Amino acid sequence: MIRASTREVREVALRAMRAAGASAGEAAAVADLVLRAEVQGWGGLAALRQEIDGGPGSAAATAAVQDGVLVVDADPDRGPLRLGVSVFDLVAARVHREQRAGVFVRGLGFQQAFLCLALELVERVGGTAVLAELDGDGAAAAGVVCTADGCARAADPAELDRHLPAGAVTSGGLYISNARGGEPPGLRWPVISTTAQRERNRVNAINNGRRVEAGDWAAAHRASQGFLIAEPAK
């Protein structure tokens with residue numbers, strides 16, 4: 001483990017994404033996500049390492065509505081973070097129009113960093129966000145629920161199945177939904193993060209830096225060297 005400042009984490013992530021071919025806006029969004037996840041201990045740099053190891057991938061994707069769920073097939077080489085940022089934006093846009101939205105991304109696995117996106121989704125549009133990693137048969141293997149009180153809860157996969165769309169998903173991937181109104185699922189499930197905890201972690205990281213995995217940091221730092229910003233003229 002080594003200690004890095006929050007500025008260093010974001011800067012290295014930003015440059016690594018630019019070196020990997022991401023646009024300035026896309027790289028900034030991913031760098032912000034990497035920093036937020038790393039500050040909370042949710043594997044931001046580990047996800048970044050997976051992202052840059054996968055190559056640039058293609059932004060092209062196909063989507064079709066099945067039983068009310070938008071099923072997305074995307075290039076698996078695109079990387080989980082760029083794809084995740086886009087998908088959560090898509091869920092937010094659909095909720096604004098329909099009050100309830102579900103998106104399934106075939107082949108996308110759960111990343112702890114997605115907790116940041118799920119909590120942000122609830123802040124943006126309200127309601128309750130459900131993340132469920134589905135196995136090859138479309139059954140929940142793991143999941144998280146984020147509610148309007150700012151809490152993230154570890155879902156019981158056996159109970160989570162009844163909150164998933166029946167028949168729409170029959171393969172492995174990540175299901176993301178948001179719904180306004182009604183009784184939020186899983187209020188008795190164990191809380192894994194609260195607003196107060198996240199704020200303490202954020203302040204501590206700003207003041208003292210963050211201990212990060214040496215291997216993940218080295219990989220991100222190497223990748224960042226492929227994008228150098230010229231020093232301003234004096």
Side-chain angles (χ1 to χ4, degrees), residues 1-61 72-90 105-121 131 133 173-174 176 193 198-234:
M1 302 289 286
I2 63 171
R3 187 170 294 278
S5 70
T6 54
R7 182 193 63 80
E8 289 174 317
V9 171
R10 188 186 185 280
E11 185 69 14
V12 163
L14 177 69
R15 294 191 183 204
M17 289 304 301
R18 292 290 276 145
S23 67
E26 194 175 44
V30 169
D32 287 342
L33 174 56
V34 168
L35 174 58
R36 296 201 312 270
E38 196 63 35
V39 163
Q40 302 303 330
W42 292 341
L45 287 170
L48 177 65
R49 187 174 186 177
Q50 184 178 342
E51 186 89 14
I52 58 183
D53 284 349
S58 170
V72 177
D73 287 287
D75 183 352
D77 290 332
R78 183 152 177 76
L81 299 182
R82 277 176 287 185
L83 186 53
V85 168
S86 298
V87 169
F88 276 88
D89 282 343
L90 179 60
V105 186
R106 206 184 313 273
L108 179 63
F110 177 79
Q111 299 279 342
Q112 281 188 299
F114 290 163
L115 281 171
C116 296
L117 296 176
L119 289 161
E120 180 184 50
L121 176 65
L131 279 69
E133 184 172 27
L174 188 68
I176 305 161
S193 177
R198 293 192 298 276
E199 179 62 14
R200 285 196 299 270
N201 291 341
R202 186 187 70 84
V203 171
N204 183 62
I206 290 172
N207 291 334
N208 303 306
R210 176 77 189 176
R211 291 180 64 80
V212 300
E213 289 289 344
D216 293 336
W217 179 252
H221 196 270
R222 281 195 303 271
S224 73
Q225 299 307 298
F227 184 79
L228 301 178
I229 302 174
E231 295 291 336
K234 295 182 179 180

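If you read the sequence from its start, that first residue is 1, and numbering goes on from there. Values below: all heavy atoms of this structure, side chains included; hydrogens, waters and symmetry mates excluded. Everything numeric here is computed off the predicted structure, so don't read it as measured data.
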Are side-chain heavy atoms of Arg10 and Val34 found at a separation under 4.5 Å?
-> no

Rounded to the nearest 0.5 Å, how far does OG of Ser23 lie from CZ of Arg18?
-> 7.0 Å

Nearest heavy-atom neighbours spanning Glu133 and Gly109 = OE2-CA, 3.6 Å

All heavy atoms of Glu8 vs all of Trp217, minimum pair found to be O-CH2, 3.7 Å

Between Gln50 and Leu81, is any pair of side-chain heavy atoms under 4.5 Å apart?
-> no

Give a yes or no on whether the backbone of Val39 and the side-chain of Arg210 come within a donor-acceptor separation of less than 3.5 Å.
-> yes

What distance separates Leu121 CG from Leu131 CG, expressed to the nearest 0.5 Å?
-> 8.5 Å

Approximate separation, where rounding is to 0.5 Å, of Arg200 CZ and Arg198 CZ | 11.0 Å

Val212 side chain reached by Glu38 side chain, heavy atoms, under 4.5 Å | yes

Atom of Ala29, atom of Val85 and distance for their closest heavy-atom approach | CB-CG1, 4.2 Å

Mind checking whether Leu33 and Arg36 have side chains closer than 4.5 Å, heavy atoms only?
-> yes

First locate atom CZ of Phe110, then atom CG of Leu115, and finally report the distance between them rounded to the nearest 0.5 Å.
-> 4.5 Å

Nearest heavy-atom pair of Trp42 and Cys116: which atoms, and what distance?
-> CE3-SG, 3.6 Å

Taking the side chain from Asn207 and the backbone from Val203, do they hold a donor-acceptor pair closer than 3.5 Å?
-> yes

Closest heavy-atom pair, Phe88 versus Phe114, reported as atoms and distance to 0.1 Å, is CZ-O, 4.0 Å

Is a side-chain donor or acceptor of Glu26 paired with a backbone partner of Arg82 at a separation under 3.5 angstrom?
-> no

Kindly give the heavy-atom pair with the smallest separation between Asn201 and Gln40, and that separation in Å.
-> ND2-OE1, 2.8 Å

Under 3.5 Å, is there a donor-acceptor pair between the side chain of Gln112 and the main chain of Ala37?
-> no

Does the side chain of Leu35 come within less than 4.5 Å of Thr6's, by heavy atoms?
-> yes

